[in-house]
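See below for the structure under consideration.
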Amino acid sequence: MPNPSHEHGAGIVIETQTRAASTGPSGTSRGTLRGTKIRVLDPNLSIYLDLLRLVAAFEVVLGHARHFVMPGLPGFISGHTGEAVAVFFVLSGFVIAFVAEEKEHSLRAYATARLSRLYSVCLIALLVGFACDMIANRFGVVPLRTHSFYDPAYLANLPFALTFTNELWFSHRVFGSNEPYWSLGFEAAYYVIFAAFFYLGRIRGALIGVLLMIAFGPKVVAYMPIWLFGLLAYRFVRAGRVTLSKWLALGMFVATIPAYFLVKRTMEHWAWPMYEPGSASELARSFVYFALVGVVITINIVAFRRAAEGRTVFPATLARAIRWLAGASFTLYLIHQPFLIMLTSLFPGLRTHLLGGPVAIGGAVVLALLIAEVSERRKRVFQRIVGSLLGAPPRHEQPKSAG
């Protein structure tokens, strides 16, 4: 699942070395860092996170394209869909830690940002998916019911999709053909659980957080440590604990690439779809596999940040291109499968035509870029709407410090 929590950071200055107590959002004591200034989410890292998010989203598209429209795609470049979701979880944990610490100093501000981010894309994605399914059902040659995951109970599943409760406990509710939507049932749960612990105080927050974990169920909670890897990585960098030499950091960054393929080659058979509960042993092995992928990605991010420190890694033109494309990655993640299934239903020969697969993939990308112009790239409009509903002040009027 793409990272629905992304914020464009312009290089946030975090002070380190000496800790002093400060009051957190709930009146609890948090550490304020003083001394040497460290840019945690500097321009290099901000763009690199965008790049990771874009690559992960496109990898999910390629994986589904191989199944629906382009069976000739080699597994080496299209067999990483589950791992891409683990990447999304790490990225999400990192960015959520950043925005909670540095931008969203109240629960209301946090809720406003998260809801606007999610609904700016999800509402139109559900509508587009429904439209694609209706076209396939009306004019398609291959019925949608041939896909085992397709669920025609749109009205019954819509409330769960809109509230991101589609993966509670052992359920797996699919809105039509849009099965990739499942990951939001995990992602949104992590937002809520984190908010309880972070904003509601130690005792009340812990109590509500644990109750929420019970409510969401073992399947969702089991993979939350992968999301927490990103949060811990942010705090590790924020605390000034990355003291590696830049050359060693560069070596570690490069080493994470073969490390990932080594983990995948030797342990991929442990993987189990996150949305399927399975047995306790299957869940445990699957967690270990995806957690190792998460560890590799976490090291990759931290090592990149240190290795790139003080350098300009991305030329301005490339940086703008990455940011612009990544600005549609969440949309691409949520609309590509219904679109590809619609095409293969309307044109069954697409799978065997030389240009069928590339044209279908290109069409999904173009559609996502167009839709993003009225959804993902208009997050601020949704933020004003949600903020007014929640009674949150405009962003420029929100306090800069919770203390």
Side-chain angles (χ1 to χ4, degrees), residues 1-5 56-57 59-64 66-68 78-93 118 121-122 125-126 129 133 144 147-154 156-193 212-228 267-294 330 333-338 340-341:
M1 162 205 89
N3 182 11
S5 62
E59 184 54 48
V60 173
V61 174
L62 291 178
H64 292 153
R66 182 176 64 164
H67 183 74
F68 296 115
S78 62
H80 310 272
T81 53
E83 294 82 359
V85 174
V87 173
F88 288 141
F89 286 174
V90 174
L91 292 174
S92 175
L118 288 168
V121 181
C122 293
L126 291 172
D133 288 352
L144 291 183
H147 303 288
S148 60
F149 55 82
Y150 172 70
D151 190 342
Y154 292 95
N157 290 332
L158 182 60
F160 296 99
L162 290 175
T163 57
F164 311 107
T165 53
N166 47 304
E167 297 296 326
L168 292 180
W169 278 77
F170 304 117
S171 62
H172 177 56
R173 295 179 175 89
V174 179
F175 186 78
S177 64
N178 199 344
E179 193 172 37
Y181 198 93
W182 71 264
S183 66
L184 298 188
F186 285 63
E187 190 94 30
Y190 301 154
Y191 295 167
V192 174
I193 294 169
L212 286 168
M213 292 168 76
I214 294 172
F216 285 113
K219 181 181 67 174
V220 171
V221 174
Y223 293 99
M224 190 171 181
I226 302 173
W227 190 89
L228 292 173
M267 300 181 66
E268 185 181 16
H269 60 285
W270 283 16
W272 185 265
M274 294 184 190
Y275 53 80
E276 292 184 10
S279 66
S281 60
E282 287 169 334
L283 184 61
R285 287 196 298 269
S286 183
F287 166 75
V288 170
Y289 172 70
F290 286 116
L292 286 174
V293 172
F330 188 18
Y333 176 82
L334 286 184
I335 63 96
H336 75 276
Q337 181 161 303
L340 294 179
I341 290 175

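Positions are given from 1 along the sequence.
For the atom pair L184 CG and F330 CZ, the distance stands at 5.0 Å (nearest 0.5 Å). Taken to the nearest 0.5 Å, the OG atom of S92 stands 12.0 Å off from the CD1 atom of I226. Rounding to the nearest 0.5 Å places CG of D133 at 3.0 Å from OH of Y154. Atom CD of residue E83 and atom CG of residue L292 lie 11.5 Å apart, to the nearest 0.5 angstrom.
Between the side chain of H336 and the backbone N or O of Y333, at least one donor-acceptor pair lies under 3.5 Å.
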Show which side-chain atoms of residues 268-277 pair as donor or acceptor with protein atoms under 3.5 Å away, not counting sequence neighbours.
unit_1	atom_1	unit_2	atom_2	d
E268	OE2	K264	NZ	2.6
W272	NE1	E276	O	3.0

Side-chain donor-acceptor distances from residues 156-169 under 3.5 Å, at least two apart:
unit_1	atom_1	unit_2	atom_2	d
N157	ND2	D151	OD2	2.9
N157	ND2	A153	O	3.3
N157	ND2	V174	O	2.9
T163	OG1	P159	O	2.6
T163	OG1	T165	OG1	2.8
E167	OE1	H172	ND1	3.4
E167	OE1	K219	NZ	2.7
E167	OE2	H172	ND1	2.7
W169	NE1	I214	O	2.7
W169	NE1	A215	O	3.2

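Ring orientation note: the planes of F186 and F89 are close to parallel, at an angle under 30° on the 30°/60° scale.
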Note to self: Pair V288, M267 - check side-chain contact (heavy atoms from CB on, under 4.5 Å), show working.
What the structure shows: CA-CA 9 Å; V288 170; M267 300 181 66; 3.9 Å; yes
Walk me through it: do Y223 and L283 pass the test side-chain contact (heavy atoms from CB on, under 4.5 Å)?
CA-CA 9 Å; Y223 293 99; L283 184 61; 3.6 Å; yes
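Taking every heavy atom of both residues into account, A189 and G185 meet most closely at CB-O, 3.5 Å. Residues S183 and V85 share a closest heavy-atom pair of CB-CG1, 4.5 Å. A84 approaches V60 most closely through the heavy-atom pair CB-CG2, 3.7 Å. V87 and A56 get closest at one heavy-atom pair: CG1-CB, 4.1 Å. Heavy atoms only, all atoms of each residue included: L62 and S78 are closest at O-CB, 3.6 Å.
Scored by the side chain to side chain contact (heavy atoms under 4.5 Å, CB included) test, N178 finds P180, Y181, P338 as partners (sequence neighbours excluded). Scored by the side chain to side chain contact (heavy atoms under 4.5 Å, CB included) test, M224 finds Y190, I193, W227, L228 as partners (sequence neighbours excluded). F170 is linked by a ring-ring contact (aromatic ring centres under 6.0 Å, His included) to nothing, counting only residues two or more places apart in sequence or in another chain.
The salt bridge (charged side-chain N to carboxylate O under 4.0 Å, His left out) contacts involving residues 168-180 comprise nothing, where partners must be two or more places apart or lie in separate chains.
At a cut-off of 3.5 Å, with distance as the only test, a side-chain donor of Q337 or H64 sits close to an acceptor on the other residue.
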